[in-house]
Number of protein chains: 2
Amino acid sequence: MFRAMNRDVAPAETGAAVIARQLASAILRGEYPPESILPGEIELATKFSASRTSVREALKSLSAKGLIQSRKKAGTSVRPRADWQMLDRDLLALRLEIGPEHSFATDLLALRQAIEPAAAAAAAQHQDKAAIAVIAAAFAEMEAATHDRTRFVDPDLRFHKAILAASGNEFMMAFGAMIEAGLAAFITISLRHSGAPAPSVPLHHNILKAIEAADPEAARTAMETLLSRTKSNISQDHA
Amino acid sequence: MFRAMNRDVAPAETGAAVIARQLASAILRGEYPPESILPGEIELATKFSASRTSVREALKSLSAKGLIQSRKKAGTSVRPRADWQMLDRDLLALRLEIGPEHSFATDLLALRQAIEPAAAAAAAQHQDKAAIAVIAAAFAEMEAATHDRTRFVDPDLRFHKAILAASGNEFMMAFGAMIEAGLAAFITISLRHSGAPAPSVPLHHNILKAIEAADPEAARTAMETLLSRTKSNISQDHA
DNA sequence: TTTGCTTTTATGTCAGACATAAAGCATTAT
DNA sequence: ATAATGCTTTATGTCTGACATAAAAGCAAA
């Protein structure tokens with residue numbers, strides 16, 4: 001019946017996407033600083049051995065992410081950093097690639113410490129049973145994969161995303177990519193030390209229990225505790 | 001010398017941008033629900049009386065904002081809501097247009113209550129003198145415009161953005177558009193009641209003083225107090 | 001029913017042309 | 001000398017038509 005079940009796979013990267021990523025990378029690296037003017041579209045097309053059409057589509061992407069702004073005759077300029085949508089999935093991935101990793105991890109963690117306790121408290125308050133069931137399901141998978149570091153990552157991420165969804169706040173959901181990037185950075189850093197993975201299952205359990213018990217303050221505290229643990233794991237990297 | 005000092009003005013909206021906004025609006029309104037397939041590019045071009053080129057550039061923008069995803073032969077589909085970059089400036093503006101206003105305002109305020117106290121604490125901690133001077137400058141303008149509601153908005157926004165910048169966290173800066181939208185929604189709502197504007201100048205002053213005094217916890221508390229005040233102003237709208 | 005081939009189709013890319021607005025320059029007027 | 005005016009240039013914006021490509025859908029054989 002369903003020969004191809006790949007409805008969810010990402011499409012292969014095509015020309016315009018490659019150009020977009022290279023230009024975005026150059027901008028993030030500071031090769032084209034804010035207020036500066038990019039090369040003209042024809043020049044870029046030559047540089048990337050592509051048509052002007054593809055270059056323009058790439059520029060449209062960057063424009064949508066707040067990196068650049070085009071004006072007739074004046075050319076395409078890099079916008080101030082404050083306008084960059086740094087929480088965008090693609091930009092986060094680029095930023096991690098470029099480094100430095102440590103400030104990336106600590107800055108993202110600081111954001112997580114601001115957002116996730118509030119989301120957990122909201123989830124405990126909001127009591128969306130279906131959404132809470134998703135959290136519980138993710139937790140069950142985490143328990144099952146306690147000793148397998150690789151298999152643990154995926155349900156861990158789903159656990160945190162499910163809490164955002166359960167918050168009932170339509171904007172909280174937008175932080176999924178941020179958490180994903182934060183986890184990725186954390187893994188990168190902690191793998192360097194090959195230290196034993198912290199036993200975070202009980203900490204996650206406390207969060208789930210507090211949300212199920214409709215106890216916002218307990219949920220907030222439990223999430224704060226988990227993230228503090230993560231933070232100390234990162235900090236020892238810098239030392 | 002400088003006949004045209006309009007380096008900072010937004011370019012006039014052109015065809016592709018209009019198409020992008022109309023499609024994004026339709027998606028946000030649920031006219032094209034997640035997982036559904038948009039009309040083909042040629043059909044869209046006919047519908048908007050534009051060329052396929054313009055339609056494609058519009059779709060590229062939406063794709064960059066996480067709203068859609070294109071696959072060869074299969075068409076362009078709407079992505080799940082969790083992938084939407086709802087903190088994007090344009091999407092926030094659309095969301096406010098579409099309504100409902102009240103949940104927009106309360107959800108955004110909940111986010112502000114998570115982010116801004118943390119940003120204020122980080123700013124007090126980080127002690128970037130130049131950035132703190134920007135906060136102080138914005139505050140001075142707020143004081144000068146206390147009695148003029150219209151003139152007050154601009155320095156108020158700059159005050160909050162300057163705190164994000166002073167946090168020293170490269171990702172905190174990305175919330176400028178969110179705060180802007182939150183303020184705009186708050187103004188929309190509070191204007192309906194034409195109630196006397198709350199005297200928030202002293203509350204802002206407390207935040208500034210705490211940051212200058214390098215007292216993170218005081219800064220956090222002062223920001224929390226200000227936002228609680230805002231919250232009660234919004235709540236009375238719903239009642 | 002499954003497997004493998006073929007056709008169809010919607011997106012992806014290209015090339016060339018023209019439209020448009022605004023920056024830059026030269027000219028003129030004050 | 002400075003400021004207003006108009007012309008020219010130029011880079012982005014749009015349009016058209018064509019071809020490339022990958023993958024879904026359909027067909028046929030095993």
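Order of the sequence lines fixes the chain letters, A, B, ..., with proteins taken first and strands second; residue numbering starts at 1 for each chain.
Side-chain N/O atoms of A/Arg56 include none lying less than 4.0 angstrom from OP1 or OP2 on D/dT12. In this structure, B/Thr76 does not reach the C/dA10 phosphate: none of its side-chain N or O atoms is under 4.0 Å from OP1 or OP2. A close approach under 4.0 Å does not occur between any side-chain nitrogen or oxygen of B/Ser54 and OP1 or OP2 of D/dG13. Contact between the side-chain N/O atoms of A/Arg71 and the OP1/OP2 oxygens of C/dA23 is found at a separation under 4.0 Å.
Map A/Lys72 and B/Lys60 each onto its nearest nucleotide of DNA chain C; the residue landing nearer the 5' end is B/Lys60.
When rounded to the nearest whole Å, the span between CD1 of B/Ile68 and P of C/dA10 equals 16 Å. Atom P of nucleotide D/dA11 and atom CG of A/Leu59 are separated by 15 Å, given to the nearest angstrom. As a whole-Å value, the separation of A/Glu57 CD from C/dG12 P is 8 Å. With rounding to whole Å, B/Ile42 atom CD1 is found 16 Å from C/dT13 atom P. Spacing between atom CZ of A/Arg52 and atom P of C/dC18 amounts to 14 Å, rounded to whole angstrom units. Whole-Å rounding puts the A/Glu41 CD to C/dC14 P distance at 14 Å. The separation between B/Glu43 atom CD and C/dA10 atom P is 10 Å, rounded to whole Å.
At a threshold of 4.0 angstrom between heavy atoms, the contacts of B/Thr53 include nucleobase atoms, whether or not backbone atoms are also involved.
Counting all heavy atoms, side chain and backbone alike, B/Ala105 lies closest to B/Ile189 at CB-CD1, 3.6 Å.
A donor-acceptor pair is defined here as one N or O able to donate and one able to accept, closer than 3.5 Å; no such pair exists between the side chain of A/Arg158 and the backbone of A/Glu141.
Contact check for B/Phe104 versus B/Leu92: side-chain heavy atoms found under the 4.5 Å cut-off. For the pair B/Leu28 and B/Trp84, the minimum side-chain heavy-atom distance is below 4.5 Å. Between A/Leu62 and A/Thr76, every side-chain heavy-atom pair lies at or beyond the 4.5 Å cut-off.
Of the candidates C/dT13, D/dA22, C/dC14, C/dC14 carries the atom nearest the A/Ala50 side chain, counting heavy atoms from C-beta on.
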